[in-house]
Protein chains: 2
Amino acid sequence: MTVEELKSALPNFTDPKLLELILEKGQLMKLEPGKVLMEPGKFIKMVPIVLEGSIKVLRMDEDGKELFLYYLDAGETCALSLTCCTASKPSEIKAIVEEPTTLIALPVAVHEQLSDEFKQWKDFVSSTYQNRFQEMLIALDAVAFKRMDERLMRYIVTKMKQHKTNELHTTHQEIANELGTSREVISRLLKQLEKKKWIELGRNVIYIRDDFEELISK
Amino acid sequence: MTVEELKSALPNFTDPKLLELILEKGQLMKLEPGKVLMEPGKFIKMVPIVLEGSIKVLRMDEDGKELFLYYLDAGETCALSLTCCTASKPSEIKAIVEEPTTLIALPVAVHEQLSDEFKQWKDFVSSTYQNRFQEMLIALDAVAFKRMDERLMRYIVTKMKQHKTNELHTTHQEIANELGTSREVISRLLKQLEKKKWIELGRNVIYIRDDFEELISK
DNA sequence: ATTCAGTTTGTGATTTTATCACTAATTTCA
DNA sequence: TGAAATTAGTGATAAAATCACAAACTGAAT
C-alpha cells in the first residue's frame, strides 16, 4: 500500500509524515466476515484504524449476553481499544467483522508517539472519544427509555444503512442477541411488522419495504 | 486558595506550574446541594474539576425521564464536558450537586492549552475518558442485563458509599427517576427488602443494615 | 388544636414485556 | 433418505410497567 492510497482512505490525515509513520509502523490486515477481532478478557496491543468495510462493536456481560453498541466505519478507530491499550486492561467488548474489511493495526507505543507529535492524530483521538461517547449515550437511551418494538425498527434501519440493502440475511436469534433480548420477543415483533406489511419474513432473511424508514418515523 | 491547598485536593498534579495555571485561570466555585450545574441543551464553556464533595451525573431523554450515570468525586472531571466543550455542542446530560461541593471551573481554551503543554494534564484527560467509559459501560450493563431488584440494591450501596451513611434521605419517586422506572415499582421492591429485614422504611428515609452489601452479594 | 392542601407511600387491577417449555418446519449432510 | 442441527412459532407463566385510587403523613394557616 502506498501513502497515496492511505491518504485517500483517511482523508482527515493530510500530513505526509504522519501518513508515512502510520504506514511504516502499522500492520495492514484484510479480514473476512465472522472474524472476531476482540473479545472480553483478551488484551489489546494494537489500535485498529478501519480503511475499508466496518467492524461491529458489542458489549457482553458475564453470561455471554450481548448488546450492539456501534459500527466502526472506514476512517474510524475504537475508543475502547484506545482506553484499554493505554491502561493495559483487558477488553470490555467484542468486535466482529461483518463485511470484508481492511484495517491498519497500530502498536500502542506508536499511538502514544503520534499523540505527542501530531496535532492531526491528537484531534483524531479526541474526536474518536467524542463520537463513541455520543454513540454510547444513544445505546444507553435505547435500552433505558425505548420499547423493544421501536428498538427493533431502529436496528433494522441501522443494518439497512450499514449494509446498503433492504434484505437482511440474519436470524431472529442473532437480532435478539444484539438487542439483548430473547428470540421469541423478536420473532413476535417481526410477525407484527409483517402483518403491517412493512417487512416480509423468510428463513434467514428479512425483506424490508423501501419506505420502511418513513413508515416507522410517523 | 493557595497552590498548596490545590495540590492537596489534586494529588495527581505535582507540577507547580500546572497548579499555578489552574489556580490562576480557573474560577473557584462553592455549590450547595440541589444546584443544577448542567442541563441538556445548555452549552458548557467550562471544564469543572471537583475539589471537595461530589456531583451526580444523569442522562435525560426528551420527555424528562432520567437515568443515573455516575458521580464525579474529588479530583475528577467530566468527560462529557470535555467532549461537549471541544465540539462546542450542547450538553447531553444533567449534572446536579448532592452535597456541599467546591470546584474549579476551567475555560475550554485553558484546557486545550494545558493539553499541549503538560503531560500530567494530558494523562488526566486521558484517564478521565477511560474512567467515564468504564462507568458508562457499567450503567449500560445495568439497564441492559440486570433486573430492577438487583439494580435497586446496587443503587442503595452506591448511595451509601457515596454519602458514607446508612440512612438515605430520599423519596421513592427520586429513586425511581434515577433508575428510569416508576415509583410503584420501587415502593414494592423496597417493601420486599423491608420484609427481609435488610432495610427499614420511613417517610423520606431508608435505614439500611450495616451488612447490607454482604447480604446482597450472595 | 384543627383543618386543609400538598406530598409521600401503599395496593389492587390491568397491560405489556420477558421468560420458559415445548412443537413445528426447514436445512444439512453422512 | 433420514437423523441431527438450525430456525421459527406458540401457549403458559413470571416479571415489570402502568393506571387508578386510597391512605398516611407534613407543614402552614386558621
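Sequence lines set the chain letters: A, B, ... in the order given, protein chains first and strands last, and positions in each chain run from 1. The analysis underlying the following values was restricted to heavy atoms, covering all of them including side chains, and did not include hydrogens, waters or symmetry mates.
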Whole-Å distance separating the [atom1] atom of [X] from the [atom2] atom of [N]:
{"X": "A:Glu174", "N": "D:dA8", "atom1": "CD", "atom2": "P", "value": "11 Å"}
{"X": "B:Asn177", "N": "D:dT18", "atom1": "CG", "atom2": "P", "value": "12 Å"}
{"X": "B:Leu179", "N": "D:dA17", "atom1": "CG", "atom2": "C1'", "value": "14 Å"}
{"X": "A:Leu189", "N": "D:dG9", "atom1": "CG", "atom2": "P", "value": "12 Å"}
{"X": "A:Gln192", "N": "D:dA8", "atom1": "CD", "atom2": "P", "value": "17 Å"}
{"X": "A:Phe145", "N": "D:dT18", "atom1": "CZ", "atom2": "P", "value": "12 Å"}
{"X": "B:Ile175", "N": "C:dG10", "atom1": "CD1", "atom2": "P", "value": "11 Å"}
{"X": "A:Glu184", "N": "D:dA14", "atom1": "CD", "atom2": "P", "value": "16 Å"}

Sugar-phosphate, base or nothing in reach of A:Arg188, heavy atoms under 4.0 Å: base
Protein-nucleotides 4-8 of chain C N/O pairs closer than 3.5 Å?
{"residue": "C:dT7", "atom": "O2", "partner": "B:Arg203", "partner atom": "NH2", "Å": "2.8"}
{"residue": "C:dT8", "atom": "O4'", "partner": "B:Arg203", "partner atom": "NH2", "Å": "3.3"}

Verdict with supporting geometry, B:Lys191 and B:Glu194, salt bridge (charged side-chain N to carboxylate O under 4.0 Å, His left out): CA-CA 5 Å; B:Lys191 264 269 162 283; B:Glu194 193 179 36; 2.8 Å; yes
[X]/[Y] ion pair, N-O < 4.0 Å:
{"X": "B:Lys159", "Y": "B:Glu178", "value": "yes"}
{"X": "B:Glu184", "Y": "B:Arg188", "value": "no"}
{"X": "A:Arg132", "Y": "A:Glu76", "value": "yes"}

Distance-only side-chain donor-acceptor flag, A:Ser54 / A:Glu98, under 3.5 Å: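 On atom types as modelled, these side chains do not qualify, holding no pair under 3.5 Å.
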Pair A:Gln173-A:Asn177, side-chain donor/acceptor within less than 3.5 Å: yes
Side chain A:Arg151, main chain A:Leu179, donor-acceptor under 3.5 Å: yes
Backbone of A:Pro48 reached by a side-chain donor or acceptor of A:Thr77 within 3.5 Å: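 Side chain of A:Thr77 to backbone of A:Pro48, a donor-acceptor pair under 3.5 Å: yes, one is there.
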If the cut-off is 4.0 Å, is [X] near the phosphate of [N], judged by side-chain N/O to OP1 or OP2?
{"X": "A:Ser187", "N": "D:dA8", "value": "no"}
{"X": "A:Arg147", "N": "C:dT17", "value": "yes"}
{"X": "B:Lys191", "N": "C:dG10", "value": "yes"}

DNA chain C contacts among residues 148-160 of chain A, heavy-atom distance under 4.0 Å: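 Contacting residues: A:Met148.
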Partners meeting side-chain contact (heavy atoms from CB on, under 4.5 Å) with A:Lys42 (sequence neighbours left out):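 Partners of A:Lys42 by the side-chain contact (heavy atoms from CB on, under 4.5 Å) criterion, ordered by chain and then number, come out as A:Glu39.
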